[in-house]
Protein chains: 2
Amino acid sequence: MNPITPADQTVAEPRAPEETITASILSAVAEHRLPAGTKLGEQALSDLFSCHRSNVRRALTSLAAQHVIEIRPHRGAFVATPSPREAREVFEARRTVERTLARLAIPHAGAADIAQMRAMIAEEAEARAGGDKPAELRLSRAFHMKIAEIAGNGVLGQFLAELTLRTTLILGLYGDASASSCARDDHGPIVDALEAGEEARLVALVDEHLAHLEAGLDFERGASRPMTLAEQLSPGTGI
Amino acid sequence: MNPITPADQTVAEPRAPEETITASILSAVAEHRLPAGTKLGEQALSDLFSCHRSNVRRALTSLAAQHVIEIRPHRGAFVATPSPREAREVFEARRTVERTLARLAIPHAGAADIAQMRAMIAEEAEARAGGDKPAELRLSRAFHMKIAEIAGNGVLGQFLAELTLRTTLILGLYGDASASSCARDDHGPIVDALEAGEEARLVALVDEHLAHLEAGLDFERGASRPMTLAEQLSPGTGI
DNA sequence: TCGCCATTTATTGTCGACAATCACTGTTAA
DNA sequence: TTAACAGTGATTGTCGACAATAAATGGCGA
């Protein structure tokens, strides 16, 4: 029922409660289980994760600093709802960051990396075929983060993690639900170019991939989405 | 005595206490008044800003999310001490971000912007001549942030704000104190290229500027700096 | 004299309660 | 019927106190 699950802490590894909370919220947002605008009540979270409210507050302030949620004073925390302008800025930033990461990845990409990426693409295609949206989103994001991992720049990697998450929110708001985001297999050719070490082609493909993603946005639709319960219950076609 | 001053809140504008704290710490770090590794005790801060510890904690978690400070559990908050590897990553990220910002700034740079930047350069030179290190650091940072402002991309601007702050920490750790960071007037030609709208030259100059900054680092010196009182009291040239 | 260990002290983490603020419900009046 | 209003409930913000942990001190023994 609740889209946030306490990130199964099997037995060992008793991480700090705040980390569990942030990780759970991040993955929930990354898989469209928490749509933009959702309220994140403190007591609800402290109940769900059975910890004190102070831990929840720490997690929320940390997430707010990463622009994943927005805290309005005396109002509460809400999943961020990027504006059209912010959406464009995020895509511009992604192009900038991913271009560099792709270039940096070329000399570090080993055979194992390439194989793993191909496996991820296959898994993603399978999830898409099976209609498993959350898995598809998760794997698509993991693909981009894998490039960052290969590139070996943690600072840019962190930026990309933030940007891909915000991209997921943007797609949820303005994305075309039918024509899926990464429907076309854009990732396959990217791996090919990375394996071949063809920098110019790789950068062009990454650019094209992101441009295609951005081109699929429709800012008219999401603009007037109040995210009230009425919206969620009446499946009308708008107004 | 204390390098953190409560950011004079004249009369009106009663901002939230957490914002005052974060702003004060950020500016203190940006002006080398708070060296890397400095402990930021909760009670000390709550005393200084005359607010409750909960506000201090919020400010500290927010700063930790921006990698400006580091929170070690049960140990406290410390001004971040970037490793040599992190330093290289930060510079790589800066090159990536600033290249794009410079390019984006070209079509938006008005005459007023150019004039303001020239004024900032003059002020910076004056501060350098007068030996006012904090002012020099502040103005140099402001110059780079001005380009981001002209570019008009808030997301990349926020990234740059974070990166420039981390750069300041890096310079404090590994920078050459004598040969100042931006000693040469690198900023002047950048404004010229921006005004002329010569993209290739502008990007090259920005790249060169950052490369020069990075080349001045000496990772041997700062590596074994424990930041103990003994170090601060004995002005030896380090074993 | 030096090294190790128990004690003390200071700081962070946690907790529950209360106050301040906001959203919502039901009421009243035009 | 609609709009404005007061009351009510729930949520966030604040506070002080206590517990848990780590650092610093001092004492003990070799």
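Reminder, nothing fancy here: chain letters follow the sequence lines and each chain counts from 1.
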Considering only heavy atoms and no angle criterion, is a donor-acceptor pair shorter than 3.5 Å present between the side chain of [X] and the base of [N]?
X: A:R53; N: C:dG16; value: no
X: A:R75; N: D:dG13; value: no
X: B:H52; N: D:dG16; value: yes

Checklist entry - Which sits closer to the 5' end of DNA chain C, B:Q43 or A:S54, going by the nucleotide each is nearest to? => result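 First, find each residue's nearest nucleotide; the 5'-ward one identifies B:Q43.
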
Next on the checklist: Rounding to an integer number of Å, can you tell me how far B:I69 CD1 sits from C:dT12 P?
Outcome noted: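 Atom CD1 in B:I69 sits about 11 Å away from atom P in C:dT12.
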
Can you identify which nucleotide, out of [options], has its nearest atom closest to the [X] side chain?
X: B:E42; options: C:dT11, D:dG13, C:dG13; answer: C:dG13
X: A:K39; options: C:dT14, D:dT12, D:dT21; answer: D:dT12
X: A:N55; options: D:dT11, C:dT14, C:dT12; answer: C:dT14
X: A:H74; options: C:dT11, D:dT21, C:dC22; answer: C:dC22

Next on the checklist: Using side-chain heavy atoms (C-beta onward) and a distance below 4.5 Å, is B:R166 in contact with B:V68?
Outcome noted: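 Answer no - side chains too far apart.
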
Checklist entry - Parallel, tilted or perpendicular: which fits the ring planes of A:F159 and B:F159, with parallel below 30° and perpendicular above 60°? => result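 Parallel: the ring planes of A:F159 and B:F159 meet at under 30°.
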
Next on the checklist: Between A:R88 and A:E214, does any NZ, NE, NH1 or NH2 come within less than 4.0 Å of an OD or OE carboxylate oxygen?
Outcome noted: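 Salt bridge absent between A:E214 and A:R88.
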
Next on the checklist: Salt bridge check, B:E124 against B:R138: does any charged N sit closer than 4.0 Å to a carboxylate O?
Outcome noted: no

Item to check | Any A:R58 side-chain N or O less than 4.0 Å from OP1/OP2 of C:dT14 | outcome: yes

